[in-house]
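Numbers restart at 1 for each chain; the letters A, B, ... are given by sequence-line order, proteins then strands. As a basis for the values below, the full set of heavy atoms in this structure was taken, side chains included, without hydrogen atoms, waters or symmetry mates.
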Amino acid sequence: MDSPPGFTDEELARRRAMSRRLAWILGAVALAIYLVGFIYYRP
Amino acid sequence: MSTAPSLEHDTSHGHHAAPYQGGVMRWLTTTNHKDIGTMYLTFALIMFFIGGAMILAVRAELFQPGLQLMQPEFFNQLIGVHALVMIFAALMPAATGFANWQIPLMIGAPDMALPRINNWGFWLLPPAATLLTLPFILALFGVGDGAVATGWTLYAPLSVQGGMGVDFAIFSIHILGISSILGSINIIVTIFNLRAPGMTMMKLPLFAWGWLITAFLLIATIPVLAGAVTMLLTDRHFGTHFFNAAGGGDPILFQHLFWFFGHPEVYILLLPIWGLIPHVLGTFSRKPIYGYKAQVYSFIAIGLLSVVVWAHHFFTAGMPVPALLYFMYSTMFISLPLAVLFFCWVATMWRGAMSFETPMLFAQGFIVLFGLAGLTGLVLADVAADAQYHHSYFVVAHFHYALFAGGIMGVMTGVYYWLPKWTGHMFSETLGKWHFWLTVISFNLTFMPQFFLGLAGMPRRIPDYALQFVEFNAISTVGAFILGFSQLIFAYNVYKCVKGGKKATDKVWEGADGLEWDLSSPPPHHSWEVQPVIK
Ligand code: HEM
Ligand SMILES: [Cu+2]
């Protein structure tokens, strides 16, 4: 396996950064769903 | 290490150092997707036997009418903790173990995208499981009155009044939920960002698709469960009245919140399985998977529908007729995409060059028995009929055809299918076949009578029963003990396979298709140093 057809180092770093961003967003969504229940007022 | 670009180059030191530590520290600090997958699967197997032991005690009590072995309070605790353990500590961790092992291998990624979160997601589980079961032990020393005794659904007002086992369960569920959300986030970002070049979403292996939908469902519904149990906690200790009618609250609200999570949960448990079954069927039929796109769209449709049908779990609690009709029809509607899946499974085998190794046997057993779960589900979805069946043993039989035959047997399909890839050894086919046939026969012996018990009116969750139910209960108990002990064959077979055995080839199965089979068996510690390129 010497001719690397896959990602370059930079590409991989970029993808990892993207992953971290998306992870924070998904985590925030989960937290928001949890919190909205306490704010939501049921008449 | 090769000079090729790899994920490790820019990750934490821990990620790099972990593989070189020995003993306990290796497992505590590992960020390798295979190590973590192995831990999830091992944990699941242990909890499967613990949950199984609990329910065998229950079945022993139910062998005869009257109270022989235990007090009703303890009986209730065993039933509730059995369900929570099996769902949260056996089935879900097993599916996450599969995801950890297989998703990077199948999509050509070097590892999961967030390896440290991955480690954390696993290590939250043992404390959570301990919390859930600890009240049993504490009660032995005279502390508290035992574990949660409300059933896994934790319905108010029972759970508002219950003992400290409820608090333990609430805390445990919070931790389990955080673990599931961390795992889900990791799976989503890995699938979105680390697919090998050329692997478009419509070339993604079905197993990864199934898990992707599961992960989104978890992120959408676990917070609702967490919210519901937090409200329960504040009702119990901080003077709120969310579920207390005397204080202006509404106990039915708890049922809505619980099942808004609870119904999607059953699809959460099964979507990873529906993802892996086609791979197995294709392999042993030596044919490509039939209807890939139809299956992907069915997964998405089931995912979307699963969050809008929750109230079919409490038709009998009372609701306006239009609501009854809506929940009845929407529930029945889910069987359409499900039928598409069944069709594709059978069509994949159709005119194939089939052979019947253990994974294939389990996959086919799955199709037949899980089919019965779907059909009996349709009966339960009928509002008029459900008034008769609700809270009876018919429901218990229905969901064990779904969760044992669908869930556990699906997990076993996956274990038998991938174990040679993971360990580099073949397991014993003979023992595998014994395990399969004993499981299928004793499973039906256990749960088929429960349909008839339910139809005849035996309620669930009671330790004593009327005399007309004697025979079916005795049969069911005998079946359950055979079923339980047959699983030891599985554990032994897996153990032997990990320890040694005939060398597995890289491809393992003649008809295997997919990236993971290009790697050696077992795969190298860092899966894909160089990403494969998909045509
Ligand atoms: C066509 C498919 C299905 C339909 C129409 C259906 C319908 C229903 C209905 C109406 C109930 C409530 C019965 C009652 O309490 O009176 C129910 C219970 C249940 N179903 Fe299904 N179901 C289907 C498939 C599944 C699947 C695939 C699973 C699991 C993976 C599952 C797991 C469960 C569980 C766990 C319960 C009982 C929960 C409890 O009360 O403890 N079902 N089903
Ligand atoms: Cu449901």
Side-chain angles (χ1 to χ4, degrees), chain A, chain B residues 2-11 108-115 117 174 177-178 180-182 184-186 188-198 215-216 218-228 230-231 234 240 242 249-250 253 256-257 524 528-534:
Chain A
M1 282 195 170
D2 30 34
S3 67
F7 304 133
T8 59
D9 267 340
E10 301 77 67
E11 175 64 7
L12 210 46
R14 199 179 63 79
R15 283 166 181 267
R16 284 181 47 79
M18 252 159 52
S19 302
R20 275 195 301 273
R21 256 195 315 277
L22 181 55
W24 278 111
I25 294 172
L26 290 170
V29 169
L31 194 63
I33 298 176
Y34 177 67
L35 292 177
V36 90
F38 297 101
I39 302 160
Y40 175 77
Y41 176 72
R42 193 163 167 274
Chain B
S2 80
T3 51
S6 78
L7 194 61
E8 288 68 44
H9 287 174
D10 58 342
T11 46
D111 201 313
M112 299 296 277
L114 308 167
I117 280 199
H174 276 123
I178 293 171
S180 295
I181 287 178
L182 292 179
S184 301
I185 290 177
N186 210 352
I188 292 173
V189 301
T190 303
I191 291 176
F192 279 172
N193 292 321
L194 290 186
R195 297 192 310 280
F216 276 113
L218 279 167
I219 289 180
T221 61
I222 289 272
V224 178
L225 175 68
T230 307
M231 288 154 87
T234 60
T240 58
F242 290 113
D250 181 1
L253 173 64
H256 280 282
L257 292 174
W528 296 100
E529 296 280 350
V530 176
Q531 284 77 30
V533 173
I534 286 75

So which heavy atom on B/R195 is nearest to which on A/R15, and how close?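 Closest pair (atom of B/R195, atom of A/R15, distance): O-NH1, 4.2 Å.
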Of all heavy-atom pairs between A/R16 and B/P115, which one has the smallest distance, and what is that distance?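 In this case the closest contact between A/R16 and B/P115 is NH1-CD, 4.1 Å.
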So, taking the atom named CG in B/N193 and the one named CD in A/E11, what distance separates them when rounded to the nearest 0.5 Å?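 Those atoms lie 9.5 Å apart.
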Identify, with sequence neighbours excluded, every residue that meets side-chain hydrogen bond (donor to acceptor under 3.5 Å, both in side chains) alongside B/T240.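 So B/T240 forms a side-chain hydrogen bond (donor to acceptor under 3.5 Å, both in side chains) with B/T234, B/D235.
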For chain B, which residues from residues 24-31 of chain A have at least one heavy atom closer than 4.5 Å to it? A/L26, A/G27, A/A30
Using a cut-off of under 4.5 Å for heavy-atom pairs, which of B/V189, B/L218, B/I117, B/N186 has the most such pairs with chain A?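 Counting heavy-atom pairs under 4.5 Å, the top option is B/V189.
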What part of B/I219 is in contact with chain A, defined as an atom under 4.5 angstrom from a non-hydrogen atom: side chain, backbone, both or neither? both
Need one label for B/A226: side chain, backbone, both or neither, based on atoms under 4.5 Å from any heavy atom in chain A.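 Both parts, heavy atoms under 4.5 Å.
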Test item: A/L12 and B/L194 side chains (from C-beta on) under 4.5 Å apart, heavy atoms: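 Sidechains of B/L194 and A/L12: in contact.
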